[in-house]
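The block underneath contains the structure these notes are about, expressed in structure tokens.
Below, chains carry the letters A, B, ... as their sequence lines are ordered, and counting in each starts from 1.
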Amino acid sequence: MDELKSTPLVKEHEGLKALMAPFGGWLMPIQYSGIIAEHKWCREKAALFDICHMGEFLFKGDIVASGLEDVFTFSVKGIPVGRSRYGFLLNEKGGVIDDLIVFRLAEDEVMIVVNAATIANDFAVISSRLKNPALLTDISDATGKLDLQGPLSREVLVEHLGSDIAEIPFFKFIRKKILGVDALVSRTGYTGELGYEIFIPAPKVRELWDLLLKDARVEPAGLGARDLLRLEVGYSLYGNDLDDVTTPLSAQLMAFVNLDKSFVGKEAILKEQSQGSPKKKVAFKVDSRRSPRHHYEIHCDGKNVGTVTSGAFSPMLGCGIGLGLVAPEVAELGKRLVIKHERVEMDATVVELPFYAGGSLRS
Amino acid sequence: MAKYYTKEHEWVELDGATGTVGISEHAAHELGDITFVELPKIGKAVKQFDTLAGIESVKAASDIYAPVSGKVVAVNDALDAAPELVNESAEEKGWVCRLEGVDAGELAALMDAAAYQQFLKGLE
């Protein structure tokens with residue numbers, strides 16, 4: 001195992017007495033005051049997350065002529081400048097190499113934001129699919145990223161960074177000077193709440209972190225709360241719910257796959273569509289406060305039918321919630337399941353996503 | 001009567017042959033936010049160090065082992081609705097159950113508070 005990497009904010013986290021743990025090759029804050037308190041703060045106020053571990057690639061060139069248009073499951077040329085789109089990088093078998101967001105910076109310029117653990121492989125794969133790999137640059141180390149998420153995030157950012165932030169619609173972004181440097185503020189996030197992702201050169205991250213944390217409406221939140229927040233709204237986590245042997249079809253994420261264009265993995269998806277998926281994603285609610293957890297078994301009518309991919313106790317619902325991959329016939333609303341692990345057993349029901357729909361996301 | 005602790009971070013406090021059982025403040029802190037306590041069934045008989053109950057936090061699911069042998073005669077029902085009581089008061093309001101028919105001789109296999117504090121220092 002290589003040595004763990006740290007973000008520019010490692011001293012700040014230590015100062016805040018964060019519990020630090022490895023995540024995707026990085027030493028990251030899991031919690032500060034407590035996962036449930038931080039989760040609640042994000043649902044009610046504004047939570048600040050250090051997301052500097054995630055990767056950013058810059059592409060400059062002709063989107064179609066370079067081959068970039070065929071790299072992802074969605075059309076890059078179809079993204080208007082100033083907007084972003086979520087989707088997948090697939091392998092030939094239709095498995096998900098990564099889930100990512102592409103920001104259309106200009107006619108011939110995009111930023112690709114990828115998961116931390118997959119930076120090196122994503123970069124190699126995307127480069128290999130371009131006619132000229134030199135068009136793609138890994139700017140991860142030079143780029144800092146802070147997420148401010150929660151119903152008060154807009155008013156906080158407007159006050160500290162400028163009123164232009166008030167006008168950004170969902171999945172749009174603006175480029176502006178922050179603390180004297182070029183930055184990008186995007187109305188996106190991973191929590192189901194109104195929120196923003198701020199990309200700023202790494203040397204300025206600490207100054208921005210300090211500026212935002214001084215505001216009484218803002219508290220830091222770690223990856224523990226982030227995981228809980230995303231699961232409550234049913235977002236998939238790469239490495240848990242998505243991996244290179246799971247297709248977007250199995251994962252029920254075809255809304256982010258455009259079958260009207262060509263992309264690597266399309267043949268496999270079409271084949272799976274005609275033959276049927278061996279596994280399907282299912283969302284379920286537990287009858288009690290017990291937490292399902294990654295790798296627990298899912299049983300139905302006395303048979304082992306699949307595996308939990310993500311699970312937690314949901315503070316908003318007051319019960320356990322989870323996602324899993326199961327035999328397709330089990331992925332049916334209202335189906336009763338039993339989640340098992342060693343001597344732990346819990347009854348659950350298949351439900352629709354999101355588990356929690358009360359967030360401020362589109363407010 | 002004083003509390004005695006196990007290496008797995010349970011405590012027991014005896015009153016005659018009845019022992020009140022819970023997890024230590026240290027254990028509660030390490031688990032983080034506690035979201036569920038699986039209380040044992042009344043009448044369940046356990047041997048010292050057998051699995052007695054279960055506890056879940058936002059981070060992990062763990063077993064609670066019996067610090068002494070005995071029969072469960074009471075459980076802390078308050079934990080069903082408010083498992084966070086274990087975080088707030090692990091060694092008082094967050095008790096888990098009471099065991100009856102406890103042999104005080106089994107305490108010899110446990111640590112008193114001072115020894116447990118020493119033991120925790122060794123874990124750091």
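- The salt bridge (charged side-chain N to carboxylate O under 4.0 Å, His left out) contacts involving residues 63-81 of chain B comprise A/Arg343-B/Asp63, where partners must be two or more places apart or lie in separate chains.
- Within a 6.0 Å sphere centred on CD of B/Glu92, heavy atoms belonging to other residues, nucleotides or ligands number 12 at most.
- The CD1 atom of A/Ile30 sits 9.0 Å away from the NZ atom of B/Lys59 when rounded to the nearest 0.5 Å.
- Here B/Ala113 pairs with B/Tyr5 under the side-chain contact (heavy atoms from CB on, under 4.5 Å) rule; sequence neighbours left out.
- Side-chain atoms of B/Glu56 never come within 3.5 Å of backbone atoms of A/Arg290 as a donor-acceptor pair (strictly under, hydrogens ignored).
- Heavy atoms of B/Thr51 lying under 4.5 Å from chain A belong exclusively to its side chain.
- Remark: A/Lys145 pairs with A/Asp147, A/Glu197 by the salt bridge (charged side-chain N to carboxylate O under 4.0 Å, His left out) rule, at least two apart or across chains.
- Ranked by heavy-atom pairs under 4.5 Å with chain B, the list A/Ile35, A/Leu19, A/Leu228 is led by A/Ile35.
- Contacts between A/Gln31 and chain B at a heavy-atom distance below 4.5 Å involve the side chain alone, from C-beta outward.
- Counting heavy-atom pairs under 4.5 Å between each of B/Ser57, B/Ala60, B/Gly54 and chain A puts B/Ala60 at the top.
- Heavy-atom neighbours of B/Lys3 NZ from other residues, nucleotides or ligands within 6.0 Å: above the threshold of 12.
- Close approach to chain A, defined as a heavy atom under 4.5 Å from one of its heavy atoms, is seen in B/Asp33, B/Thr35, B/Phe36, B/Glu38 of residues 30-44 of chain B, taken by number.
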